[in-house]
Amino acid sequence: MSVVTRFAPSPTGFLHIGGARTALFNWLYARHHGGQFVLRIEDTDRARHSQSAVDAITDGLRWLGLDWDGEATSQFARRDAHVAAAERLLASGDAYPCYCSQDELAKMREEARAAGRPMRYDGRCRDRDPSTVPAGVPPVTRLKAPQSGETVIDDAVQGRVVVRNDQLDDMVLLRADRTPTYMLAVVVDDIDMGITHVIRGDDHLTNAFRQTQLFRALGAPPPVFAHVPLIHGPDGAKLSKRHGALGVEAYRDMGYLPETLRNYLLRLGWAHGDDEIISTDQAVAWFDLDGVGKAPARLDPAKLDNLNGHYMRAADDVALVEAIVPQLNSALGRTLGLADIDRLTRGMDGLKQRAKTLSELSDNAQFYVSSLPLTMDPKAQSLLTDEALSTLSRLAARFSTLPEWSIAALEDAARAVAEDLGLKLGKVAQPLRAALTGATVSPGIFEVAAVLGRDETLGRLADAGVAIDDALTGTLD
RNA sequence: GACCCUAUCGUCUAGAGGCCUAGGACAUCACCCUUUCACGGUGAAGACACGGGUUCGACUCCCGUUGGGGUCGCCA
């Protein structure tokens, strides 16, 4: 039997990080088995439904690179099938109308709690005497669930989980207004869509028991369930907006790469021996359900950063430049030109070694395309003493006559100046860095100068207050 | 409250009864590399929650305690 998995988010907000992991696991499982991965929007609650939320979810999935098979299904659009299923159960006597009011139900729960019993509907309308049916009250439809025995789930992650049927109550299938509930819709859709494996958050484990009963009542074998533990925040508490319950687009905006998220989310609760860096191809080849851990995992921003650094270093230079251009444009208030792009591209290798996120990369890259005068970091400014400026003046003289403008030649020139003056190389290199970048930290400074080119390098030195011999600068090539 | 799940370094995890002197990764610290910062390299510190069993032998199996989580809607 071919595997069919599904991701079934309710469109209430964005694709949060936990949902993204659930989607990833479903996607990986389907791809691993050469099966189908479908997307179903659980929008039975029309009041909460919004198209922008649906878009946020599909955009998030696309950005993550999780492609689904076929068109996304709207659960709301399938309501007729849900109602028909409920009616079949009504007709066969597997479901019944319930006239209990909300007040009655609340009272029932209160009493059950007080008595130390599970807070569940007691089934009082099951065999209600028709003469006691209140007039004018539209009933809900409830499943006539088994009252004795037990329901068993052989969960692919949690193992065999058993619950006594007297702990479960008769769930509502159709609301008083005849609209289907989530429970009904999910089961009917999973049957009709041929879902073989339901991989979802741990919070649905107890739902799985009642859904199993519904599958049976509907005469369909339940799918394989796999309930994966929820993700917690760094403090061990439930994920909140404060730390990680952000949409994946927030991670994108913070400058994380989709491959980073895929790798990180995969390793959160799943392992393949000692492997840490796992490509998506490897993940598809290796992924399995019994490798999924059973305990909730905490999000670790430091590890995410580290992984992102790895994927940035491995990323293509041109792609990275493209990724940071919009940020740079808005930071600079102008549109970068071809010369800027060229400079960034040549400087990217040194730049990408030093950043954890695209945002950081953009910040660090800015000096390459800044116009003069450079914004000086106070620490950089303090490096440009009179003595340093005169050192740089000697260096500039050598730079202007350098027959070859290469990293090695530039470094040789700096070393020669340092030697002439009896200085350590750092005494030459650091002021040079300050003058060229406006900062005390940057990629290798000779690499920077090489990328900048002779004119720009000398221009920046002059702008920083370095005396340049006019006769020499006049002979620049 | 009832029911269910869960428990290895700070964090993510490896570990399927002897391979464990409990391994890796991130983070931390030290040293090396070095013009800065990173990267990289070497090394250090750091965990089987607790208590009972089972067994010749438990991180691994069972029970309990404690801690963490989840669910108990005419929400999804």
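Every chain is numbered from 1 and lettered A, B, ... according to where its sequence line falls, protein lines coming before strand lines.
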Can you run down the side chain to side chain donor-acceptor pair (under 3.5 Å) pairs that involve residues 108-120 of chain A, sequence neighbours left out, and say none if there aren't any?
none
Show every salt bridge (Lys or Arg N to Asp or Glu O under 4.0 Å) that has at least one partner inside residues 260-272 of chain A, sequence neighbours left out.
R267(A)-E276(A)
Atom P, compared across A22(B) and A44(B): separation rounded to whole Å:
14 Å
Assess, by modelled atom type and distance only, whether the side chains of H82(A) and D189(A) contain a donor and an acceptor separated by less than 3.5 Å.
yes
Would you indicate what V140(A) reaches in the nucleic acid, counting non-hydrogen atoms under 4.0 angstrom: base, sugar-phosphate, or nothing?
base
Not counting sequence neighbours, list each pair that qualifies as a salt bridge (Lys or Arg N to Asp or Glu O under 4.0 Å) and has a residue in residues 136-158 of chain A.
none
Sugar-phosphate atoms are those with a prime plus P, OP1 and OP2; base atoms are the rest. Using that split, label each nucleotide of nucleotides 59-68 of chain B B, S or - for protein heavy atoms under 4.0 Å, 5' to 3'.
----------
Applying the 3.5 Å cut-off to both distances, the Watson-Crick or G-U partner of G17(B) turns out to be none
In the structure shown, which nucleotide is the Watson-Crick or G-U wobble counterpart of U34(B), with both distances under 3.5 Å?
none
On a whole-Å scale, what distance lies between the C1' atoms belonging to A47(B) and G10(B)?
10 Å
The complete set of salt bridge (Lys or Arg N to Asp or Glu O under 4.0 Å) pairs with one or both residues in residues 6-25 of chain A, sequence neighbours excluded, reads R6(A)-D190(A)
Going 5' to 3' along nucleotides 21-38 of chain B, which nucleotides have protein heavy atoms under 4.0 Å from the base (write B), which only from the sugar-phosphate (write S), and which from neither (write -)?
--BBBBS-------BBBB
Both distances under 3.5 Å, Watson-Crick or G-U wobble: report the partner of G46(B), or none.
none
Taking only residues at least two apart or on different chains, which pairs with a member in residues 201-216 of chain A satisfy side chain to side chain donor-acceptor pair (under 3.5 Å)?
T151(A)-Q213(A), N165(A)-Q213(A), D169(A)-R210(A), Y182(A)-H204(A), R200(A)-Q211(A), H204(A)-N207(A)
With no hydrogens and no angle check, is any side-chain donor or acceptor of N308(A) less than 3.5 Å from a backbone partner on L257(A)?
yes
Rounded to whole angstrom units, what separation is found between the CG atom of L307(A) and the P atom of U13(B)?
13 Å
Could you list the donor-acceptor pairs under 3.5 angstrom formed between side-chain atoms of residues 376-391 of chain A and any protein atom two or more places apart in sequence or on another chain?
residue: D377(A); atom: OD1; partner: K379(A); partner atom: N; Å: 2.8
residue: D377(A); atom: OD1; partner: A380(A); partner atom: N; Å: 3.4
residue: S382(A); atom: OG; partner: K379(A); partner atom: O; Å: 2.8
residue: T385(A); atom: OG1; partner: A388(A); partner atom: N; Å: 3.1
residue: S390(A); atom: OG; partner: E387(A); partner atom: O; Å: 3.2
residue: T391(A); atom: OG1; partner: E387(A); partner atom: O; Å: 3.0

Would you mind listing every side chain to side chain donor-acceptor pair (under 3.5 Å) that reaches into residues 348-361 of chain A, with sequence neighbours excluded?
D317(A)-K352(A)
In chain order, what residues pass the ring-ring contact (aromatic ring centres under 6.0 Å, His included) check against F287(A), with sequence neighbours excluded?
F25(A), W270(A)
Minimum-distance nucleotide to Q158(A) side chain [options: U13(B), C5(B), A76(B)]:
C5(B)
Would one find a side-chain N or O of K294(A) under 4.0 angstrom from OP1 or OP2 of U6(B)?
yes
Show which side-chain atoms of residues 415-427 of chain A pair as donor or acceptor with protein atoms under 3.5 Å away, not counting sequence neighbours.
residue: R415(A); atom: NE; partner: E411(A); partner atom: OE2; Å: 3.1
residue: R415(A); atom: NH2; partner: E411(A); partner atom: OE2; Å: 2.7
residue: D420(A); atom: OD2; partner: R398(A); partner atom: NH2; Å: 3.2

Can you tell me if T181(A) touches the phosphate of C74(B), counting only side-chain N or O atoms and a distance under 4.0 Å to OP1 or OP2?
no
Using a 4.0 Å heavy-atom cut-off across all strands, classify H204(A) as base, sugar-phosphate, or nothing.
base
What residues from residues 164-171 of chain A pass a heavy-atom cutoff of under 4.0 Å to RNA chain B?
Q167(A)
Between C74(B), C12(B), U71(B), which nucleotide gets closest to the side-chain atoms of D203(A)?
U71(B)
Expressed in whole Å, how much space separates the P atoms belonging to G70(B) and C31(B)?
44 Å
The side chain of L268(A) is closest to which nucleotide in this list: C12(B), U71(B), A76(B)?
C12(B)
All heavy atoms of L461(A) vs all of A396(A), minimum pair found to be CD1-CB, 4.0 Å
Among the candidates C74(B), C4(B), A76(B), find the nucleotide nearest to the side-chain atoms of L205(A).
C4(B)
Determine the interatomic distance between C1' on A7(B) and the same-named atom on C74(B); round to the nearest Å.
38 Å
Regarding A176(A), tell me which of base, sugar-phosphate or nothing describes its non-hydrogen contacts under 4.0 Å with the strands shown.
base
Is R124(A) positioned over the aromatic face of Y121(A), cation under 6.0 angstrom from the ring centre and no more than 45 degrees off axis?
no
Please give the nucleotide sitting opposite U11(B) as a Watson-Crick or G-U wobble pair, both distances under 3.5 Å, or none.
A25(B)
Pairing partner (Watson-Crick or G-U wobble, both distances under 3.5 angstrom) of U71(B)
A2(B)
For U55(B), what is the paired nucleotide under Watson-Crick or G-U wobble rules, both distances under 3.5 Å?
none
